[in-house]
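To start, the structure under review is shown below, and the notes come after it.
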Amino acid sequence: LGLRGAIGLLASRAAVPAYGGAQLVVASQFGPLRPELAIGIYGAADDDHQYRRLDIPISIGQLWNLTGSEVPVYLALQFDATYASRALPGYVPGPSTEEAWLLGGGGGIGIDLPASDSTRLLADLRLGATTRVAGSPPLRIPQPNGDPAEAIGMQFRMLLSLTLLWNVVD
């Protein structure tokens with residue numbers, strides 16, 4: 001059982017806001033493999049608070065111990081399903097909220113630090129991408145050089161994360 005905190009960036013054609021949040025992680029060690037299931041809450045906001053979004057990501061993934069040492073380096077792979085909700089700030093004529101389901105995946109590399117006999121601290125850099133698969137009609141953000149872009153559409157993310165895992169059963 002564990003808790004993950006992450007900060008980073010979310011990038012799409014519409015905006016590049018800061019992105020961060022926390023997840024509850026269920027993981028178990030099977031030799032060099034550690035499957036994990038995670039659910040959490042993340043938020044995105046840009047500098048002028050014109051792009052604000054709330055995400056609920058659910059992920060299933062796998063960590064592979066690459067080195068077999070006491071402080072192993074690991075490779076992380078995951079599949080994501082994310083519910084995203086966005087509301088435009090202030091009054092605007094017409095629709096001002098948007099909801100969407102996103103599917104995607106990602107990967108990363110990290111280090112597994114033993115904190116005690118029953119706890120571990122995982123530190124990693126994860127890169128991923130998701131795309132919109134369902135939801136309400138998309139809101140579009142005007143772009144200086146081209147057509148308006150979907151506020152919640154195809155996106156790329158880069159996250160630095162720390163995960164604290166502890167054994168609840170020996």
Q. Does any non-hydrogen side-chain atom of Arg86 lie less than 4.5 Å from one of Leu139?
A. yes
Q: State, with a plain yes or no, whether a side-chain heavy atom of Arg13 is found less than 4.5 Å away from one of Ile141.
A: no
Q) Taking atom CD1 of Ile39 and atom CG of Leu24, what is their separation to the nearest 0.5 Å? A) 8.5 Å
Q. When rounded to the nearest 0.5 angstrom, what is the spacing between CG in Leu113 and CG in Leu164?
A. 11.0 Å
Q.
Run the side-chain hydrogen bond (donor to acceptor under 3.5 Å, both in side chains) test on Ser136 and Glu99 for me, step by step, so that the C-alpha distance in whole Å, both residues' side-chain angles and the decisive distance to 0.1 Å come before the verdict.
A. CA-CA 6 Å; Ser136 61; Glu99 297 176 343; 5.7 Å; no
Q) Rounded to the nearest 0.5 Å, how far does CG of Asp124 lie from CG of Leu63? A) 7.5 Å
Q: Could you tell me whether Leu125 atom CG has more than 12 heavy atoms of other residues or ligands within 6.0 Å of it?
A: yes
**Q.** Approximate separation, where rounding is to 0.5 Å, of Leu102 CG and Asp55 CG
**A.** 6.5 Å
(Q) Please give me the minimum heavy-atom distance between Pro35 and Ser28, naming the atom from each residue. (A) CD-O, 3.1 Å
Q) Do Val73 and Ile109 come close enough that some side-chain heavy atom pair is under 4.5 Å? A) yes
Q) In Å, rounded to the nearest 0.5 Å, how long is the span from CG of Leu10 to CG of Asp46? A) 11.0 Å
Q: Tell me, please, which residues at least two apart from Ser69 pass side-chain hydrogen bond (donor to acceptor under 3.5 Å, both in side chains).
A: Thr67
Q | Closest contact, heavy atoms only, Gly21 versus Tyr42 | A | N-CD2, 3.6 Å
Q | Residue list, side-chain hydrogen bond (donor to acceptor under 3.5 Å, both in side chains) with Glu98, at least two apart or on another chain | A | Arg132
Q: Could you tell me which non-hydrogen atom of Pro138 sits nearest to which non-hydrogen atom of Glu150, and how far apart they are?
A: CG-OE2, 3.7 Å
Q: Give the minimum heavy-atom separation between Leu122 and Tyr74, together with the two atoms involved.
A: CB-OH, 3.3 Å
Q | Smallest separation among heavy atoms of Ala87 and Thr97, with atom names | A | CB-CG2, 4.0 Å
Q.
Between Arg140 and Asp147, does any side-chain N to carboxylate O distance fall below 4.0 Å?
A. no
Q. In terms of hydrophobic clusters joined by side-chain contacts under 4.5 Å, are Leu127 and Leu160 together?
A. yes
Q | Contact check, side chains of Gln78 and Arg126, non-hydrogen atoms, under 4.5 Å | A | yes
**Q.** Same apolar cluster (I L V M F W Y, side chains within < 4.5 Å links), Val133/Ile56
**A.** yes
Q) With Arg4, which residues qualify under side-chain hydrogen bond (donor to acceptor under 3.5 Å, both in side chains), at least two apart? A) Gln23, Glu36, Thr163
(Q) So which atom in Ser161 and which in Ala6 form the shortest heavy-atom distance, rounded to 0.1 Å? (A) CB-CB, 3.8 Å
Q: Check whether any side-chain heavy atom of Leu54 sits under 4.5 Å from a side-chain heavy atom of Tyr83, and report yes or no.
A: no
Q) Would you say Leu9 and Phe156 are hydrophobically clustered, going by side-chain heavy atoms of ILVMFWY under 4.5 Å? A) no
**Q.** ILVMFWY cluster, Tyr19 and Ile41 together (side-chain gap under 4.5 Å)
**A.** no
Q.
When you compare the side chain of Gln62 with that of Leu33, does any pair of heavy atoms fall below 4.5 Å?
A. yes
Q | Pairwise side-chain contact, Leu1 with Trp166, heavy-atom cut-off 4.5 Å (strictly under) | A | yes
Q) Would you say Leu77 and Phe79 are hydrophobically clustered, going by side-chain heavy atoms of ILVMFWY under 4.5 Å? A) no
Q. At what distance, to the nearest 0.5 angstrom, does OG1 of Thr131 lie from CG of Leu103?
A. 8.5 Å
**Q.** Beyond-backbone contact of Leu165 with Thr119, side-chain heavy atoms, under 4.5 angstrom
**A.** no
